[in-house]
Every structure is written in structure tokens, then in C-alpha cells.
Amino acid sequence: MKDIAIIAVGGYNEIGRNMTAIRIGKDIVVMDMGLRLDRVQIHEDTDVECLHASDLIAMGAIPDDSIMESIDGKVRAIACTHGHLDHIGAVSKLSHRYKAPIIATPFTADLINQEIKGERIFDVGNSVISMKAGERYQVTEDIELEFIRVQHSIVDCVFAAIHTEKGSILYANDFKIDRSPTLGEPPDFTRLRALGREGVLVLITETTNSGITGKTPSEQIAKDLVWDVLIGTEETRSGVLVTTFSSHIARIKAIIDAAREMGRKPVLLGRSMDKYWNTAARNGYASKDDIAVFGRRKSIDKALKRIMNEGKDKYLPIMTGHQGEPGAILGRVANGETDYLIESGDKVVFSAGIIPQPLNMSNRYTVETKLKMRGARIYDNVHVSGHACQEDHWELLRMINPEHVVPAHGNLVTHGHYLMMAEETGYSLGSNIHLVRNGQELLID
Ligand SMILES: [Zn+2]
């Protein structure tokens, strides 16, 4: 039988720039090609379309795929499991090096096509194949790729199962076990349990939140938190600004619904808000009716001016800038660079956690302080995570019952937490749970 190896290309030493190659004999399936956002000091409103792959690799911003030259095999397919930039953001920089199609769910494929179209340096000729959750793609005669529906903080997220004659390899990066999502269906537990019974050789799993005890609350809870803050108040006349992840369509919909309940007009502001909302609308996850979306700087500034003129209490602006990114709209409002003036008692709602990187923390502190100096009231962490916590990981492990486990998408700390949980479940480090670092190939016996 063909030997199987897992090649850790990126995302095994850090959170971001995911890329894993799975070698079955001489055939390779690549999973994800992502970007590490903090390394280029970029934010949701910035693009790296003009930067060269070698520069981005030197910055540690995209996976260093030089290891692929020493791997004896040919890449037959590239699959991306969801549309976050740390999973698709390097596709336009690296995929042209491999003569293989890129396979993703419709929403993700749409975003990938936009990345490729926006690329200024490389001519990416790879075909992009759109495949829905529940469908399969024949990679070679004896390798099949299957997408299985899960939940995360972006729509149309899947697990990828690579079926081989030795059993399947399940790539679970990223996910959350959400039984009451507000958009889309819960994870396909029936299929996951069946997969476990059929025999999973390797589980490759993210470990982002494995150090957090308990279970990640459902997105329904986040919706309740948002509604509680926006509607559960006597201060109904003040200006209210909300900032959240522009790719988090379910969350934005919850905020829009709350705006309507408040009798305010929701307005989406920001280049990435425009991009993700339009992509969601094209793919049936959102509607463009009755919602004003402004992506260009000039139109954003005009919209903010109109809001000031007509009355802040008539609108609910939803904008980029929750990490305090310089140049994003919330930062510009905090600096007084727009016509939207923050006055005493105005509310700023962060429907996002702080991504725990020093750069984010400092940017966020700066923006919050500036807003407070203008008299704003801050509501932070009106949010639940899109990543599985410890007990969710435990549940998946029990459901799938894999022979081997490889922690991915995390650093030594998060992998360490995962290892302790897995050892409690009966796995043992070095025998059937494997700590792999960027640039290493793990042979599965
Ligand atoms: Zn993600």
C-alpha cells in the first residue's frame, strides 16, 4: 500500500498562514494557502496584491513552501476549507507553482476568484472548482476529496476528508461545534459519525482555542449579546457605532436585525464590508435590499456626513476597525478625520474579541482611548468565538476516533493544551499524536 505523509508547510508554529500537504504515495493534496495578517501589519482593508511571494515568505507572512521541492510527489489538488485570509490569502501568491485545480465551496471559491483577480504580480492560471458540502471530487483513481459541513465564523465552512485505501484523513481547520447557528446548518454530525465508523487514519485539527476550558457558545448566544447591548438600554437617542469582522456574515445579519428593531437604518461601511457582503449576496447568504453598503473612501465619508446631518439616532453604522487597525474607519472616526463626531454618551460596540497579538492590543488600546477622550462609552467583547474550545475538541476526537492526530493552526502553547486533552482521552505523544513544526514531513506508519 502507498505510504502516507503529512507535510507541515505553514500554520504549525503560529496562528495564521495555514498550509498542509498530504502525500499519498506520489500524489499530493494541498490544504489551504493562507496569510499571517500581523506580519504585514495589514488589516481587513489592506491588500498584499503588489507584494512578491519571496518578500512575503521572508516576512513570515505566507507559508514557506520551499520544503515542497524536496517532497517526492506531484500536487494533484489544492483545497481550501473556508474563506478566511489565513486560509486563502496566499493562494494568489503560491498556487501558480503547482499545476493543480483549486477546490472550495461556492462562497470560498468566489473569494478565491477575487483574490486571483486582484493579484498584480503573478498570473494564476489554476482552475477554481466550486464544490458544495456533501459533494466529492475524484483527485486520482484511488484518492477522493469530500467536503463535510461544519460551522465557524464565516459561512460555507467545511471539513475536508481525503479518502485513501488506508482510510481517510480528516482536515478540521477551522471549526466550531455549533448546534444552533444563526446562518447555515449545524455541522453534519451524521456524516462525521459515519466517517469515524469507516475509519479515520489521521485527524489534522486546529488548536486555536484548545487552552480555553468548556465549550464555545453558539452564535445564537452572540446574537443575544448583540441584541442585549443594542436594544436593552434606556439610552435610545445616543449615537451608536458597531464594529465587527466584515467576513462574519451571520454576526452582521444579527446587528442589522437589531438595527431594524431599534428603528434605525443599518449602514455597512468599509472596503472589506463591501467585498464580503456582496460575495454573501451573490451566494444567497445575504440580501442587498434595504441595506446601504459603502466601500469607497469618498462614499463612506459622504455617508457619515449624511448621518450627522440627518441625526445619529436614525442610523446604525456597522464598520471595520475592531482591532484598532490604523486607516480603518473606526480609527478615522476616533481621530476626528470624518464628519461623524463622537459626543459624550455615544456608544461604540465591539462585536469582536481582541486577537491576542501585541500589535492588535496596542492598536486597539489607542483607538479605545481616543474614543473615550471624546466621551464614547465602550462595549467590548460583545462576541463569541468561532473556534472550538477544549470540550468541543474532546467531542470531535471521540466522534471521529482517529488512529493518529496532528495538531495544526496554532503555536506550541495551543498545541500543548491540545496534547494534554488528547492524552487524557488515551492518545500518547510521539506514538499516535504528533507534534509537527513548519517545514517537517511526518510519515504515518
Ligand atoms: Zn478561520
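Counting convention: from 1, in listed order, for ligands and their atoms alike.
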Listed pairs under 3.5 Å, donor-acceptor, residues 418-426 side chains, sequence neighbours left out:
{"from": "Glu423", "atom 1": "OE2", "to": "Leu429", "atom 2": "N", "distance (Å)": "2.9"}
{"from": "Thr425", "atom 1": "OG1", "to": "Met421", "atom 2": "O", "distance (Å)": "2.7"}

Determine, for Phe350 and Arg364, whether the Lys NZ or Arg CZ falls below 6.0 Å from the six-membered ring centre while staying within 45 degrees of the axis.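 Judged by the rule, Arg364 and Phe350 form a cation-pi pair.
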
Taking the six-membered ring for Trp and the full ring for Phe, Tyr or His, determine whether the centres of Phe175 and His152 are under 6.0 Å apart. no

Is the gap between the ring centers of His383 and Phe245 under 6.0 Å? yes

With sequence neighbours excluded, residues passing side-chain hydrogen bond (donor to acceptor under 3.5 Å, both in side chains) with Glu395: Arg179

Residues forming a salt bridge (Lys or Arg N to Asp or Glu O under 4.0 Å) with Asp142, sequence neighbours excluded: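 Partners of Asp142 under the salt bridge (Lys or Arg N to Asp or Glu O under 4.0 Å) test: Lys2.
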
Counting no waters, what protein N/O/S atoms lie under 2.8 Å from the Zn ion (ligand 1)?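 As for protein N, O or S atoms lying under 2.8 Å from the Zn ion (ligand 1), they are His82 NE2, His84 ND1, His152 NE2, Asp174 OD2.
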
